[in-house]
Amino acid sequence: MPNWAIALIIGGLIGLFLARWVARDSIQSKPIQSGGAAKFFHYLACGMLVAGAPSALTATILYNQLHFFPRLLRGVAVGFTDVGLAALCLIVFAVFESRVERVR
């Protein structure tokens with residue numbers, strides 16, 4: 001298994017564990033109007049945002065055969081991958097929320 005996949009899995013597990021608190025605080029500040037699918041994508045997006053830093057750190061550590069700067073660049077790339085996945089989840093979440101706004 002490639003190093004970036006291991007880093008995404010480890011960061012994703014940490015992110016999904018910590019997403020509980022981030023999603024709860026986010027829902028308290030602005031409640032979710034639509035159903036369970038929107039809550040799922042909101043939770044997933046919170047998890048992926050939190051997973052960015054642990055994934056980047058794990059990838060930087062796992063690419064130990066490279067020099068420092070290429071290791072750092074690959075770690076940052078893996079972290080931005082998590083942020084990009086979170087953006088996709090938030091777009092799907094926004095689609096569900098906009099449907100509720102149109103109905104009202």
Is there a side-chain contact between Met48 and Leu88 in this structure, where contact means two heavy atoms from C-beta onward sitting under 4.5 Å apart? no
Less than 4.5 Å apart, any side-chain heavy atom of Phe93 and any of Ile32? yes
Could I get the full list of ring-ring contact (aromatic ring centres under 6.0 Å, His included) partners for Phe17, not counting sequence neighbours? Trp21
Identify the two heavy atoms, one from Gly12 and one from Ser55, that lie closest to each other, and give their separation to 0.1 Å. N-OG, 4.2 Å
Is there a path of hydrophobic side-chain contacts, each under 4.5 Å between heavy atoms of I/L/V/M/F/W/Y residues, joining Ile10 to Leu18? yes
Closest heavy-atom contact between Gly11 and Ala51? O-CB, 3.0 Å
When you group the ILVMFWY residues by side-chain heavy-atom contacts below 4.5 Å and let the links chain together, are Met1 and Ile14 in the same group? yes
Any pair with a residue in residues 40-51 that passes side-chain hydrogen bond (donor to acceptor under 3.5 Å, both in side chains), sequence neighbours left out, goes on the list, sorted by first then second residue, please. Ser26-His42
Leu16 versus Leu44: any side-chain heavy-atom pair under 4.5 Å? yes
Establish whether Trp4 and Leu85 are linked, either directly or via other cluster members, by ILVMFWY side-chain heavy-atom contacts under 4.5 Å. no
Has Ser98 got a side-chain atom pairing as donor or acceptor with Val95's backbone, closer than 3.5 angstrom? yes
Have a look at Cys46 and tell me which of Asp25, Ile27, Val22 forms a side chain to side chain contact (heavy atoms under 4.5 Å, CB included) with it. Val22
Which of these passes side chain to side chain contact (heavy atoms under 4.5 Å, CB included) with Leu8: Asp82, Asn3, Thr58? Asp82
Show me the donor-acceptor pairs within less than 3.5 Å that the side chains of residues 68-80 make with the rest of the protein, sequence neighbours left out.
unit_1	atom_1	unit_2	atom_2	d
Arg71	NE	Thr60	O	3.0
Arg71	NE	Tyr63	O	3.2
Arg71	NH2	Thr60	O	3.1

Give a yes or no answer on whether the side chain of Gln33 reaches the backbone of Glu97 with a donor-acceptor pair at less than 3.5 Å. no
